[in-house]
Amino acid sequence: MARYNFRDSEPKWQAVWSERGTFTATTDPSRPKFYVLEMFPYPSGRLHVGHVRNYAIGDVVARYKRARGFNVLHPMGWDAFGLPAENAAIASRVHPAEWTFENIRVMGEQLRMIGLAYDWDREVATCTPDYYRHEQKMFLDFLKAGLAYRKESTVNWDPVEHTVLANEQVIEGRGWRSGALVEKRKLTQWFLRITEFADELLDDIATLDRWPDRVRVMQANWIGRSVGARMRFRLQGRDDRLEVFTTRPDTIFGASFCALSPDHPLSEEAAATDPRLAEFIAECRRLGTSEEAIETAEKQGYDTGLRAVHPFDGRELPIYVANFVLMEYGTGAIFGCPAHDQRDLDFARKYGLTVRPVLWPTTVRRLDDEAFAALPPETQALFETGAGVATVDGEAQFHVAGTAFSATDAETYGYDLGDLTDRPALSVSEAKEIAIAGLAARDSGEPSIGYRLRDWGVSRQRYWGCPIPVIHCADCGVVPVPEADLPVELPHDVNFDRPGNPLDHHPTWKHVPCPSCGRPAVRETDTFDTFVESSWYFLRYCSPKADTAFDRADADYWMPVDQYIGGIEHAVLHLLYSRFFMRALGACGYTDVKEPFAALMTQGMVCHETYSDAAGDWLYPEEVESRGGGVVRIADGAPVTVGRTEKMSKSRKNVVGLERVVDTYGADTARLLLLSDSPPERDLEWTDAGIEGAWRYLNRVWRLVTEPAHPLPPRGTAAPKAFSESALALRRKTHKTIKAVGEDFEAFRLNRAVARIRELTNQAAELKGSDEGAAWALREALETTVLLLGPITPHLCEEMWQALDGDSLVADAPWPDWDSELTVDDTVTVAVQVNGKLRATIELPRDADKGTAEDLALADGGVQRALAGKAVRRVVVVPNRIVNVVV
RNA sequence: GCCCGGGUGGCGGAAUUGGUAGACGCGCCGGACUCAAAAUCCGGUGGUGGCAACACCAUGCGAGUUCGAGUCUCGCCCCGGGCACCA
């Protein structure tokens with residue numbers, strides 16, 4: 001039994017593509033371009049099959065678009081700065097650069113092994129000065145344009161190691177290595193003014209019509225534009241005022257307290273004279289900086305003793321410091337309206353504050369607290385759930401008990417707005433306008449737009465990143481590094497024996513003369529967030545050897561990326577930062593393209609079962625095997641616990657190494673499985689059974705092509721006049737498949753495309769007869785199969801194309817055309833239902849009229865039996881689809 | 001906690017976007033070939049009942065809209081992604 005020899009074929013065709021420069025891209029404005037890009041990897045060590053899925057999907061697009069006649073740009077590179085390199089340096093005493101470049105070498109070899117259609121001449125690694133020098137130049141331009149600035153912000157601080165921790169390094173509030181309780185600490189850091197573009201970034205989401213809706217929604221929510229008001233409360237016994245931001249000025253009459261962020265200046269001021277408050281604030285700071293930690297922590301507050309005066313009714317409201325108020329959003333202070341906000345309600349109950357409803361459904365009577373308290377407990381309980389409305393004594397009544405009452409935009413409500421209005425019913429937006437007008441009249445507030453989006457903090461106190469090109473001079477302040485002095489290169493001679501930033505510890509690197517006055521000064525020792533590198537790498541690919549960041553003409557031709565592919569985990573940060581970067585670069589005259597990625601596809605993760613031994617240590621899949629109904633460790637037969645299927649990760653060892661799969665089955669088999677077993681956007685579970693099935697199919701096609709059941713006519717033979725029924729059916733299948741697979745590729749339905757190609761293979765194998773027509777139809781089917789499968793299993797297809805006397809490479813062959821006469825059938829099978837239940841199917845000529853369909857359906861024996869003599873009330877006919885008889 | 005997804009046979013998934021639920025594949029069962037095994041080929045395979053024709057049940061749970069719901073609406077449950085210093 002002949003088997004496809006991938007061990008010879010795969011390196012052979014890789015060499016052919018490489019020698020011919022098949023995938024080398026050249027700027028050519030006379031041709032339509034297509035730029036397809038997969039998110040570049042962080043060089044973490046070795047590729048596993050999880051990485052490959054991303055690249056295999058992109059490779060299908062690249063090869064398919066190439067067959068469609070596009071001038072395709074498909075580059076690859078390395079997102080090479082990052083924390084893991086420093087961790088490796090600490091753990092294994094290897095230099096981050098050495099570690100990174102070795103990983104790039106290994107992973108690059110692995111990528112070449114899978115036959116991806118990359119233009120390797122454009123390979124980029126972001127940790128090289130040749131790359132990051134341009135980033136430093138961009139930063140200097142941002143600085144000039146006012147898009148970069150410094151301000152204080154908080155970081156996670158490890159008090160034992162005296163170092164800044166990433167959120168990832170904070171485990172349950174403690175430093176991952178020291179185990180010390182993490183504190184927040186304020187540092188002056190660099191920021192990029194992304195909020196400058198908040199409205200534009202939000203509005204332009206509408207233009208991203210080839211992005212998944214969910215990503216667009218996530219970005220819009222992330223920017224979180226909300227129209228509200230800033231309002232100022234007089235402080236009792238003081239001259240200054242407290243400013244808060246609210247999205248619900250209409251509920252101001254329900255305010256019963258104000259709350260400050262622990263980082264608010266007023267909190268700090270109050271803490272100076274109140275040690276218990278100071279302790280409370282310190283406790284809040286141990287929560288860490290992530291929003292998740294803050295929002296999931298138990299809501300707590302501390303009464304500062306300060307009192308805010310209500311701008312309308314003069315009530316004195318207590319001012320709390322609360323652990324859930326974020327300094328970054330709004331003004332870092334809020335007013336609380338417990339009746340209409342669940343969090344405020346919980347807070348009010350906890351601290352015994354009044355709950356004062358100020359809006360209610362117009363159709364109900366309001367119960368005051370006294371009347372409510374007089375009700376029996378079971379009646380009170382009726383108010384706990386739902387919308388605060390319950391029937392008491394036959395009348396709908398309203399009271400806020402355990403659940404805050406929230407209004408919808410569509411309805412109108414009765415409102416308590418003091419003497420601001422007499423109107424009996426208002427919509428929320430009308431009430432907001434009235435409240436804001438009232439505030440303005442008292443000089444206590446004005447309309448304001450708030451954003452959830454915050455400016456992008458780009459300073460990192462780490463070595464393995466791009467140095468921020470400024471110098472701090474005692475006399476001149478912050479001085480940009482002159483452009484002629486770029487790049488500011490990382491020093492190589494660093495050591496990681498001490499915790500903290502090696503750049504800061506370096507004996508000489510940071511000491512430089514001030515470029516402005518010449519006196520001794522120090523370099524900025526912070527480096528950039530690695531998201532900065534990934535915010536413009538797609539531009540560098542357009543002209544990777546250019547002396548500038550990119551050549552304008554090349555970028556004008558290639559940009560935007562026509563198809564971007566990557567994980568859903570990047571739905572907000574990386575994609576939003578890149579969109580911002582294009583606009584910031586635009587403001588500095590670099591480019592006119594606004595949106596970097598015209599189309600986006602987000603692929604799911606590759607998952608695998610996890611295995612652990614009796615001691616609870618993780619085991620690699622290749623360390624275990626099934627034996628006698630259980631799973632055991634191969635080395636000693638010890639029982640193994642099979643855990644849940646999870647995203648492949650080095651930490652759980654549930655990774656399938658690429659080499660093992662490619663050695664055993666070849667790259668094409670792995671590619672086929674990764675592309676066919678799940679829709680690309682969904683998660684995929686890697687199983688050994690799956691890879692066997694893919695391998696079996698490749699050999700089946702291989703044999704069908706190289707050992708056809710009967711001789712094929714020479715390539716290019718004209719079609720015979722007549723075809724047998726079986727041959728004609730195969731031809732129809734062939735042309736339907738061409739049409740459908742093209743549509744599937746365009747829509748990323750890759751798993752379905754593979755299913756269709758397999759159907760074609762099945763039908764080709766079942767072809768009856770060996771006459772001229774059958775042989776011709778078989779050749780047509782086989783050639784088609786090779787061309788359609790080409791983007792998925794490219795090596796095998798080149799080999800088969802050669803076996804079919806193909807005169808060129810599949811990689812250079814145009815996509816096949818389909819004959820519309822062969823893609824539609826003369827008859828259709830129509831389902832017949834009786835009262836919505838399937839009772840029969842009937843064969844009808846295509847596009848038969850409704851009367852014919854109805855008559856034939858009613859004449860059917862099965863239908864008659866189901867009707868059982870009952871009178872037909874109605875017949876619904878959907879042509880070519882269904883007949884539903886209603887009795 | 002907040003934002004965004006997902007849930008269909010033993011398993012991965014398909015379903016012309018409101019019209020025959022389960023394409024294609026994996027696994028399993030049976031058969032052929034073989035001294036035997038592997039490989040390959042042929043047939044079967046959602047569940048329950050029935051010799052069978054067939055009937056009933058079935059797309060996470062519960063309601064609803066409709067001639068007709070996996071698909072639309074409302075309310076739940078579970079799983080996953082993100083939450084600004086992991087990339």
Side-chain angles (χ1 to χ4, degrees), chain A residues 1 3 39 41-42 44 79 81-84 155-156 164-170 189 194 212-215 217-222 224 289-297 299 324 328 342-343 452-462 529-531 534 567-574 576-577 602 604-605 607 644 646-647 673 676-679 681-685 687 689-690 692-694 696-697 699-700 703 740 749 751-752 754-759 762 765 829-841 862 865 873-876 878 880-887:
Chain A
M1 184 69 55
R3 292 236 202 155
M39 290 179 186
Y42 177 76
S44 57
D79 188 14
F81 275 136
L83 204 48
V155 293
N156 299 309
V164 177
L165 298 176
N167 282 338
E168 191 190 49
Q169 298 171 316
V170 180
Q189 310 210 70
I194 187 172
D213 283 341
R214 58 170 162 155
V215 175
V217 170
M218 279 190 263
Q219 292 223 341
N221 289 342
W222 187 266
T289 57
S290 83
E291 192 175 318
E292 184 191 3
I294 290 163
E295 293 282 332
T296 54
K299 308 292 175 281
F324 56 85
E328 289 84 3
Q342 190 62 44
R343 191 179 58 188
R452 218 185 69 94
L453 183 70
R454 314 197 292 253
D455 276 337
W456 176 12
V458 292
S459 292
R460 298 291 180 271
Q461 295 71 42
R462 306 198 203 297
D529 177 6
T530 59
F531 272 122
S534 57
I568 185 68
E569 66 272 21
H570 295 289
V572 177
L573 292 180
H574 161 60
L576 191 62
Y577 289 150
T602 52
M605 299 172 303
C607 303
R644 44 189 284 177
E646 293 185 62
K647 173 185 176 172
L673 177 64
S676 66
D677 220 42
S678 266
E681 50 283 312
R682 254 203 253 184
D683 288 352
L684 177 142
E685 188 184 349
T687 60
E692 282 284 348
R696 209 176 306 161
Y697 172 69
N699 279 293
R700 211 160 97 80
R703 280 193 301 273
R749 292 185 298 246
N751 55 325
R752 239 168 45 160
V754 172
R756 289 187 209 279
I757 297 169
R758 293 180 89 132
E759 283 181 56
N762 291 345
T829 307
V830 170
V832 185
Q833 300 177 332
V834 176
N835 286 342
K837 290 204 169 200
L838 181 72
R839 296 300 173 182
T841 56
R865 203 166 346 106
R873 284 199 294 161
R874 184 179 162 194
V875 180
V876 179
V878 182
N880 297 332
R881 197 118 328 151
I882 207 162
V883 178
N884 191 10
V885 183
V886 185
V887 294

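Scope of the values below: all heavy atoms of this structure, side chains included, with no hydrogens, waters or symmetry mates. In what follows, chains carry the letters A, B, and so on, assigned in the order in which the sequence lines appear, proteins first and then strands, with residues in each chain numbered from 1.
Residue A:Gly457 is classed as a sugar-phosphate contact, given heavy-atom separations below 4.0 Å to backbone atoms only. No engagement by A:Ile294 is indicated, since no non-hydrogen atom pair under 4.0 Å with the nucleic acid exists. Looking at heavy-atom distances under 4.0 Å, A:Thr296 makes contact with a base. Residue contacts shown for A:Val217 are limited to sugar-phosphate atoms, with no base heavy atom under 4.0 Å away.
Using a cutoff of 4.0 Å between basic side-chain nitrogens and carboxylate oxygens, A:Arg452 and A:Glu291 are scored as salt-bridged.
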What pairs of nitrogen or oxygen atoms, one from the protein and one from nucleotides 44-52 of chain B, lie under 3.5 Å apart?
none

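For B:rU20 and B:rU71, the C1' atoms lie 15 Å apart once the distance is rounded to whole Å. Across the C1' atoms, B:rA21 and B:rG13 are found 13 Å apart, a figure rounded to whole Å. Comparing the C1' positions of B:rU16 and B:rU65 gives an interatomic distance of 24 Å, to the nearest angstrom.
Stem regions for RNA chain B, each three or more consecutive Watson-Crick or G-U pairs with both distances under 3.5 Å and listed by first number, read B:1-7 with B:77-83, B:10-12 with B:24-26, B:27-32 with B:40-45, B:46-49 with B:54-57, B:60-64 with B:72-76.
Looking at A:Gln169, its side chain has no donor and acceptor atom pair within 3.5 Å of the base of B:rC85. With hydrogens and angles left out, the side chain of A:Asn884 and the base of B:rC67 share a donor-acceptor pair within 3.5 Å.
One can place CG of A:Asn835 at 14 Å from P of B:rA55, the figure rounded to the nearest angstrom. Between the C1' atom of B:rG25 and the CD1 atom of A:Ile757 lies a distance of 14 Å, rounded to the nearest Å.
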